[in-house]
Student: 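First the structure, then my questions, so here it is.
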Amino acid sequence: MDVPSYFTDFLSEIRPPKETLDECKSSHELLRKRLNEFEDLKGIIVSTFLQGSYRRFTQIKPCVDEKADVDLIVVTNLDKNKFKDPEQAMLLFEPFLQEHYEGSFELQGRSVGIRLESIKLDLVITAAPPEAEKNALKSDSVTSYEPFGDLKDWRLVSSWVPSEKRTTILMETAMKEEEWKLSPLFVPDRDAEEWVPTHPLELIQWTRDKNARCSGHFINVVKAFKWWRRVNNSTPERPRGYLLEHFVGDCCPDGIQSVAQGITLTLENIAEAYKLETLLKKAPCSSDRGVPDQNVFKRLAGDDFAAFHEQVSEAAKTARRALDAETVKESVDEWRNLFRDEFPPVDDGGGGKSQKSGFTERTAPAVIGSGRFA
Amino acid sequence: MNRYREPTKEMRSGRRALEDLAVVTLLQDWTWHKPTTKWFLHCRLGPALADKEPGLSETDWFILVHDRYPLGSIRFLPAKERGISDTYFHQDSNELGLDDRPWRDGQLCLQYSHFRLSRHAHDLEERSAPRRLLWYVRRAIEWLQCASEGKLVRDGDPFELPHFKRLSLGSELIAFSEEETSFERWSRIDDEQGLVNFIQLRDKPLILVVKEFLSLGQERLLAPAWGRAVKGKEVLGVWIRAENLPIIPPWQAPRTWDDLNAVMATPNKSLFDLLLPTLKKIRDGSPHTALIGFPCSRRFGQQSCQMHWQALNIPKLSNDRAAKGFRHNEKGYRMRDNVQIFRSNAKVHWQPSQNWHQTDIGSRGQLPEAFRQHHVLMIGAGAVGSILAELLVRGGIQSMVVLDDDHLEAGNLVRHSLHLDSLQLPKATQLAQTLNKASPHAQVSGIVSEFPVTDEDQLKEVQACDLVIDCTADDEVLLNLDKFAWEEERKFISISLGYAARRVFCFTAVGHTFPHDVFITSLEPWIAKERSEYPPDSFPREGVGCWNPVFPAGIGDVWMMTCVALKHLVDIATTDQWGTSLAVFEEQTDEEGRFASIRKVDLRDLNG
């Protein structure tokens with residue numbers, strides 16, 4: 001059974017808490033303010049914006065002892081031809097980081113990690129974009145983050161405004177305007193000593209459109225899938241994070257009517273589609289949404305993928321049983337096999353018989369409410 | 001203001017439980033409705049209903065709950081879109097309601113205990129978070145099913161009036177008194193309209209009590225009897241009669257004048273043919289109350305057995321002071337009224353009305369019918385007497401004479417039913433005044449005298465009583481009761497308390513005189529026992545300078561034992577065991593001296 005209200009409550013359990021979302025927004029705004037005011041970086045910063053699962057609403061709450069991972073892009077006008085080794089570009093930010101985030105930052109392969117109180121910012125700098133695109137990259141559409149917004153309201157257009165400034169007329173214009181076609185941004189790969197292309201904005205658009213084709217259920221299927229992976233299988237470590245989201249993007253069919261349906265079909269499609277790859281212990285290939293000639297699964301090990309595929313195949317059977325179950329209790333019990341305790345259980349033994357009739361027999365004695373008078 | 005208002009865990013658990021019901025489709029999850037400060041669910045109750053009324057399958061509803069779910073109220077309301085628009089039984093008047101909400105006003109009455117549709121008939125309302133909402137939704141489905149089969153009420157169900165929705169926000173009330181006897185008299189009265197005199201019991205909020213029904217020619221037709229406290233200035237109103245309860249099927253009270261005319265008009269007469277002759281008499285520049293009378297029964301399916309009067313407010317009518325541009329005569333006034341007041345789509349200003357006949361207002365807990373017919377003489381208005389008198393009057397005894405020559409003192413307040421405002425005044429008359437306010441039917445009078453009385457009029461009052469209750473604990477009174485020349489056989493009961501009110505002695509007798517000697521013989525062993533248990537100087541003193549022992553007993557004990565005496569009295573009356581006998585009830589304590597129970601004791605307990 002679909003049990004939509006159970007899924008609604010499950011999803012609200014696995015979402016990041018409101019405080020985390022608020023902190024994402026405020027840390028981003030603070031960082032941007034500090035960057036803009038830092039003397040040595042004046043003239044270098046073009047724009048900053050949030051990317052990643054927080055921006056696409058596909059994030060789940062962090063593990064108990066971990067912080068939420070928030071990805072931030074800082075668009076610069078540093079010429080990648082001048083800074084052939086991207087590390088040089090990253091080092092330009094060191095004085096800024098020393099001043100504002102001393103002791104809390106760390107240079108990583110592709111980004112700078114900044115540990116804040118309850119979130120971990122992953123700062124990625126980019127090389128200069130084409131001149132003509134700079135204004136677009138500074139627009140509200142790109143730079144504002146709405147933690148409680150709706151993907152379907154977002155468009156990559158100049159007339160888009162965040163909700164506090166919005167009016168019906170402005171929204172109508174924004175909905176009708178044609179979206180910008182921007183180029184990929186280049187981000188550092190320190191280990192490879194080169195700049196590599198990425199297109200976070202296109203990915204947000206892709207996610208939005210896919211979600212619309214799935215009646216708004218796609219992002220929830222992604223969350224549920226990530227949660228399943230986390231609570232059931234600690235190994236192999238990969239695939240995780242965006243790769244999981246990408247699998248769902250590839251294998252979840254359009255037109256799903258519920259999260260239950262989506263997760264079941266996704267698991268089944270993954271199980272079905274990659275049988276050959278699993279046999280050959282090879283990771284599949286799939287194009288990056290914004291940079292088609294890049295294979296997102298490039299760094300996924302074949303062994304890891306094979307183990308993952310087996311887990312998916314097993315899970316697909318459980319999901320199918322859950323979806324096809326005829327009583328709420330049977331269905332919910334199976335869903336809980338997949339998602340564990342965050343998926344709410346059936347309360348109070350409510351009904352074990354067929355749902356065809358309007359009533360179920362009372363299985364537990366009624367709680368005495370009235371019967372006392374004054 | 002919390003931007004992030006989220007439904008609670010309990011509300012979500014309640015909502016999940018609805019997955020159990022295939023006939024329910026959730027259209028919108030828990031949403032906060034600011035104007036009413038409630039959460040609502042928007043749902044559709046689907047087929048699996050009888051086909052008889054196709055309009056009733058697949059209807060949309062709003063369920064409103066309080067933030068504190070599962071505590072607080074739960075309301076089931078039809079949606080404005082795709083919801084039912086008629087009013088049925090067990091439903092509030094289903095008006096469209098305010099604009100700020102997507103639901104109508106016709107709340108379903110789902111706690112009605114006479115819902116006898118399924119085997120879940122005597123379902124106690126569930127109270128836990130997962131089950132309470134489900135319980136209500138199931139009831140709503142039952143309601144829909146019954147409504148579609150025309151089975152919301154069945155023959156034998158207690159009669160229920162439709163919801164005549166009041167327009168004003170006040171708590172005004174119009175009271176009348178009708179039952180079988182008056183119904184029979186109405187059946188012999190031909191008048192279809194007339195005037196009514198009300199007594200204004202109170203101004204704010206307005207309470208009007210019907211004093212008398214008059215014909216158009218001011219001839220008295222009917223006047224209910226009321227108690228002494230029902231008094232006040234007289235106010236004029238009008239009345240008309242309808243052949244039947246005026247409703248729009250299935251069970252909608254008329255909303256507008258047009259509606260009312262449509263349901264009341266007969267081929268020969270319209271509503272205004274009935275009403276107009278009365279309006280002439282109330283063109284005095286003030287609003288008036290009009291009563292529409294119709295026959296009804298106590299249960300559905302039964303013969304009509306009493307009149308019910310539904311009140312409505314008639315605003316100021318035109319008269320020569322108000323009318324402008326219209327002719328200054330009755331015809332002109334009528335035309336103006338039709339335009340100003342009785343417009344087709346103007347709402348009828350219903351006012352709440354209630355039947356204050358003893359059986360109707362006493363239904364929560366009155367004494368047995370036969371018992372209530374007694375004329376009681378209450379001798380002694382002390383702690384016991386004042387409480388017993390109040391129990392009797394509230395329980396439905398209408399006629400009582402209270403006899404006591406004492407005045408209320410401050411030391412009495414600790415267990416008497418009177419208050420500060422009666423201090424230093426005679427207990428008998430003060431108590432009578434207070435008791436008259438305990439019931440609209442109470443006719444209690446007070447005589448400030450000891451027994452026996454000597455005054456002629458007072459003697460008549462005393463002789464008219466058929467049940468004599470002595471609460472004086474005074475032997476001399478009983479001796480006098482014995483000597484008194486009662487005109488007819490009387491029922492006697494003497495009630496007194498033992499030390500600290502641990503025991504209550506209820507002595508009953510029937511006869512032309514009170515058997516004092518039997519009383520003494522019966523009580524003697526008990527008094528002896530009491531004396532042995534409590535030494536004489538264990539009585540507290542009251543005040544300084546005067547050695548005046550007072551009988552110690554807390555209010556709880558006195559009132560409790562008086563109630564026990566009442567129970568005994570009612571038992572005797574209902575089983576008709578008015579012989580000469582003594583009943584003793586005693587408080588029981590456990591090994592540690594704490595209250596455990598009250599037990600009837602007899603001579604064996606005395607010795608054992």
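Labels below follow one simple rule: chain letters A, B, ... track the order of the sequence lines, proteins then strands, and each chain is numbered from 1.
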Student: For residues A:Ser12 and B:Arg12, is any side-chain donor paired with an opposing acceptor at under 3.5 Å?
Tutor: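 Side-chain D/A pair, A:Ser12 to B:Arg12: present.
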
Student: Please walk me through it: do A:Thr8 and B:Arg15 pass side chain to side chain contact (heavy atoms under 4.5 Å, CB included)?
Tutor: CA-CA 11 Å; A:Thr8 305; B:Arg15 185 255 284 121; 4.0 Å; yes

Student: In Å and rounded to the nearest 0.5 Å, what is the CG to CG distance from A:Asp347 to B:Asp20?
Tutor: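 Atom-to-atom, A:Asp347:CG and B:Asp20:CG are 10.5 Å apart.
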
Student: For A:Pro344 versus B:Arg16, what's the shortest heavy-atom pair and its separation?
Tutor: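 Between these two residues, the closest heavy atoms are CB-CZ, 3.3 Å.
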
Student: Sequence neighbours excluded, which residues qualify as side chain to side chain contact (heavy atoms under 4.5 Å, CB included) partners of B:Thr8?
Tutor: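 Counting only residues at least two positions away or on another chain, B:Thr8 forms a side chain to side chain contact (heavy atoms under 4.5 Å, CB included) with B:Glu10, B:Met11.
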
Student: Is the CG atom of B:Asp99 crowded by more than 12 outside heavy atoms at less than 6.0 Å?
Tutor: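 No, the 6.0 Å shell around CG holds no more than 12 heavy atoms from other groups.
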
